[in-house]
Chemist: 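My structure is below; once you've seen it, I'll send some questions.
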Amino acid sequence: MGVSAGPIRVVVAKPGLDGHDRGAKVIARALRDAGMEVIYTGLHQTPEQIVDTAIQEDADAIGMSILSGAHNTLFARVLELLKERDAEDIKVFGGGIIPDSDIAPLKDQGVAEIFTPGATTASIVTWVRTNVVPRAQQNTG
């Protein structure tokens with residue numbers, strides 16, 4: 001029969017020096033209200049801390065909010081660390097102030113989706129429900 005997958009588990013992270021976390025908190029609450037388990041890391045997290053949290057919490061996805069302009073570096077490092085830790089099945093998505101010209105290269109690197117200002121919480125919840133498979137379900141086939 002297989003193990004029940006349970007709710008989707010998402011780490012919502014604010015990497016780097018950016019101190020604006022209202023959007024991340026709004027997304028965390030929307031995902032939680034939609035029945036997902038959400039772990040909010042708080043401000044000023046390093047990529048190492050984010051990946052450590054995701055692995056420790058058995059997360060299915062990492063959602064990063066980046067307003068600082070360091071999105072290319074921060075996403076790349078998180079993806080690199082997930083690969084090093086054999087945790088590439090943790091889907092990475094994010095949003096913030098990210099120029100349109102940077103979105104395709106980020107997706108080419110492995111970022112699953114980018115949400116720019118104006119994205120609705122409903123669209124983000126729908127995307128997560130549609131695109132994130134609980135890891136327990138992946139492992140049971």
Chemist: Out of curiosity, T41 OG1 to E57 CD, how far, rounded to the nearest 0.5 Å?
Modeler: 11.0 Å

Chemist: Side chains of D102 and F75: does their closest heavy-atom pair fall under 4.5 Å?
Modeler: no

Chemist: Is there a side chain to side chain contact (heavy atoms under 4.5 Å, CB included) between E113 and I124 once you walk through the steps?
Modeler: CA-CA 10 Å; E113 188 59 86; I124 296 168; over 6 Å; no

Chemist: To the closest 0.5 Å, what do you measure between CG (L81) and CZ (R77)?
Modeler: 4.0 Å

Chemist: Is there a side chain to side chain contact (heavy atoms under 4.5 Å, CB included) between M64 and K14 once you walk through the steps?
Modeler: CA-CA 6 Å; M64 298 194 322; K14 274 301 291 183; over 6 Å; no

Chemist: Would you kindly confirm whether F115 and M36 end up in one hydrophobic cluster when ILVMFWY residues are joined by side chain heavy atoms under 4.5 Å apart?
Modeler: yes

Chemist: Rounded to the nearest 0.5 Å, what separates atom CG in L17 from atom NE2 in H44?
Modeler: 7.5 Å

Chemist: Decide whether V12 and I8 are clustered together by the hydrophobic rule: side chain heavy atoms of Ile, Leu, Val, Met, Phe, Trp, Tyr closer than 4.5 Å, transitively.
Modeler: yes

Chemist: Could you see if I62 belongs to whatever hydrophobic cluster contains V128? Use Ile, Leu, Val, Met, Phe, Trp, Tyr and a side-chain cutoff under 4.5 Å.
Modeler: no

Chemist: Any idea which heavy atoms bring I90 and A59 closest together, and the distance?
Modeler: CG1-O, 3.5 Å

Chemist: For residues S68 and D18, report the shortest heavy-atom separation together with the two atoms involved.
Modeler: CB-CB, 3.9 Å

Chemist: Indicate the atoms forming the closest heavy-atom contact of P134 with G6, along with that distance.
Modeler: CG-O, 3.9 Å

Chemist: Could you tell me the separation between the CG atom of L82 and the CD1 atom of I55, rounded to the nearest 0.5 Å?
Modeler: 6.5 Å

Chemist: Could you give me the CA-CA distance, side-chain angles and deciding distance for V125 and L31, then say whether side chain to side chain contact (heavy atoms under 4.5 Å, CB included) is met?
Modeler: CA-CA 6 Å; V125 166; L31 295 173; 4.0 Å; yes

Chemist: Treating K91 as the side-chain partner and N131 as the backbone partner, does any N or O pair qualify as donor plus acceptor under 3.5 Å?
Modeler: yes

Chemist: Atom CD1 of I103 and atom CD1 of I114: how far apart are they, to the nearest 0.5 Å?
Modeler: 6.5 Å

Chemist: Check whether more than 12 heavy atoms from other residues, nucleotides or ligands sit under 6.0 Å from atom CG of D86, and answer yes or no.
Modeler: no

Chemist: Is it true that K83 and E80 have a side-chain N and a carboxylate O under 4.0 angstrom from each other?
Modeler: no

Chemist: Report whether V92 and L74 are members of the same hydrophobic cluster (ILVMFWY, side-chain heavy atoms less than 4.5 Å apart, transitive linking).
Modeler: yes

Chemist: For the pair Q45 (side chain) and L43 (backbone), establish whether a donor and an acceptor sit closer than 3.5 Å, ignoring hydrogens and angles.
Modeler: yes

Chemist: Give the minimum heavy-atom separation between V11 and A54, together with the two atoms involved.
Modeler: CG2-CA, 3.8 Å

Chemist: Run the side chain to side chain contact (heavy atoms under 4.5 Å, CB included) test on I98 and L106 for me, step by step, so that the C-alpha distance in whole Å, both residues' side-chain angles and the decisive distance to 0.1 Å come before the verdict.
Modeler: CA-CA 10 Å; I98 298 171; L106 287 169; 4.0 Å; yes

Chemist: So, for R129 and A34, which heavy atoms are closest and what is the spacing to 0.1 Å?
Modeler: NH2-O, 2.8 Å

Chemist: Do V78 and V111 sit in the same hydrophobic cluster, where Ile, Leu, Val, Met, Phe, Trp and Tyr count as joined when their side-chain heavy atoms come under 4.5 Å apart?
Modeler: yes

Chemist: Over all heavy atoms of both residues, which pair between S65 and P15 is shortest? Give the atoms and the distance, please.
Modeler: O-CD, 3.5 Å

